[in-house]
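Order of appearance sets the numbers: ligands from 1, and atoms from 1 within every ligand. Count residues from 1 along the sequence.
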Amino acid sequence: MVVDGGSGGTCEWEGRWNHIKKFLERSGPFTHPDFEPSTESLQFLLETCKILVIGAGGLGCELLKDLALSGFRNIDVIDMDTIDVSNLNRQFLFRPKDVGRPKAEVAADFINDRIPGCHVVPKLYFRQYTERLLKRELFLYDLNRHFKKIQDLDETFYRQFHIIVCGLDSIVARRWINGMLLSLLVYEDGALDQGSVIPLIDGGTEGFKGNARVIFPGMSACIDCTLELYPPQINFPMCTIASMPRLPEHCIEYVRILQWPKEAPFGDGVALDGDDPEHIQWAYQRSLERAAEFNITGVTYRLTQGVVKRIIPAVASTNAVIAAACTTEVFKIATSAYLPLSNYMVFNDVDGLYTYTFEAERKENCSACSQVPLDLQFSPSSKLQEVIDFLIESVSLQMKSPAITATVEGKNKTLYLQSVASIEQRTRPNLSKTLKELGLKEGQELAVADVTSPQTMLFRLCFTSE
Ligand SMILES: [Zn+2]
């Protein structure tokens with residue numbers, strides 16, 4: 001594609017980077033106190049600086065466009081999703097012909113075609129799509145070769161980037177990448193080696209609300225330090241869903257929570273997949289039946305999918321604002337020309353327009369970044385199930401399916417692990433045993449693994465009197 005004002009074959013032309021040079025080759029009243037204007041910063045952006053963008057959806061499209069137009073040319077992008085027709089109104093790097101293709105790949109191709117010299121490398125990561133393809137036994141070889149989820153990429157991959165930007169809608173994935181960057185930190189005699197810090201710029205949007213934040217892992221508040229800001233999902237009361245539905249959503253939730261596991265229409269243990277049309281069709285039909293029983297109207301296929309996937313309508317302009325703020329922070333940090341945001345900006349234009357910036361503080365006993373083993377207070381007669389429930393329900397931990405191991409009588413013992421069916425079956429009886437019965441002692445270390453972090457978390461068991 002030839003760009004207006006471009007010079008055809010070559011990817012540089014007179015004045016191409018003038019808009020950026022204005023910031024980097026002269027100082028001004030708002031520049032960083034230590035900033036010295038030079039031509040080197042631009043060279044660094046163009047030639048050396050490596051950025052990772054996680055997510056190529058609403059925020060990701062904006063981020064890639066903004067970064068590429070700001071002079072960043074070495075960009076990797078990871079995404080877990082394929083393009084759906086409903087994305088096209090705001091995810092502007094995609095066209096109707098791209099529906100069904102991986103977002104990361106299409107977004108990278110578009111930017112590389114449109115912005116000469118830009119080199120975006122897609123990493124494809126998506127579990128649901130992979131599973132669907134596997135079901136149809138397609139492209140097995142390709143799958144193994146190409147499809148990546150963030151958890152499949154290791155330290156060596158993440159370490160190569162100067163800055164990582166997240167445009168994700170998943171808190172678990174955010175926490176995981178946060179944990180990964182914390183695991184890359186190097187301490188010498190207790191002092192953090194600043195060279196091991198990879199800044200994380202995190203953008204998030206939900207309808208008309210959004211936030212942008214700058215995290216220097218190990219130095220400023222991390223994602224888990226402020227976990228309370230992500231309240232657990234609000235659900236409809238079970239009694240309403242089970243016996244007194246009033247809204248179409250109640251009927252869909254009934255099917256999702258109760259009817260699906262009971263009837264297992266696609267086999268035992270197959271989870272309801274919001275991206276599988278056959279699953280949604282089934283849930284939609286059952287929800288209609290349920291709604292008819294209670295004279296409730298308004299159940300549609302679209303609403304069914306919305307409730308199952310917990311879709312919050314996306315607002316394109318919110319994505320644009322947040323991505324612009326995030327890109328500005330990437331630019332400031334990469335060039336050291338300006339002081340970065342310190343460190344949390346909220347944006348809200350539900351009613352008028354409101355924005356506010358505050359400094360989120362590090363939490364002394366943050367389970368991710370404090371390096372202090374946390375105490376777990378339980379009585380010796382508490383059951384293991386209570387410990388698991390605590391790890392899941394605690395607002396500051398919010399784990400998803402914690403697996404617990406401990407050293408008992410000199411042997412490393414898995415007390416409970418949910419993710420592997422055979423181990424789950426073998427360890428399930430432990431859930432109803434007391435901590436004493438399991439042979440756990442005061443001060444015992446418990447190692448807990450969970451999808452919210454690549455690292456195992458250490459806890460110390462403190463017995464309370466009964
Ligand atoms: Zn933290």
Asker: In this structure, is the centre-to-centre distance between the rings of H162 and F72 below 6.0 Å?
Answerer: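 They do not qualify: ring centres at least 6.0 Å apart.
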Asker: What class does the angle between the rings of Y338 and F23 fall in, given that below 30° is parallel, 30 to 60° is tilted and above 60° is perpendicular?
Answerer: perpendicular
Asker: Could you tell me which residues satisfy ring-ring contact (aromatic ring centres under 6.0 Å, His included) with F459, sequence neighbours excluded, listed by chain and number?
Answerer: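 Here no residue qualifies.
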Asker: Picking from L63, I164, I163, what satisfies side chain to side chain contact (heavy atoms under 4.5 Å, CB included) with I201?
Answerer: I163
Asker: Return the orientation label for the F378 and F390 ring planes: parallel under 30°, perpendicular over 60°, tilted otherwise.
Answerer: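 Correct class here is perpendicular.
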Asker: Does the plane of the ring in Y356 sit parallel, tilted or perpendicular to the ring in Y354? Use 30° and 60° as the thresholds.
Answerer: parallel
Asker: Keeping waters out of it, list the protein N, O or S atoms under 2.8 Å from the Zn ion (ligand 1).
Answerer: C222 SG, C225 SG, C366 SG, C369 SG
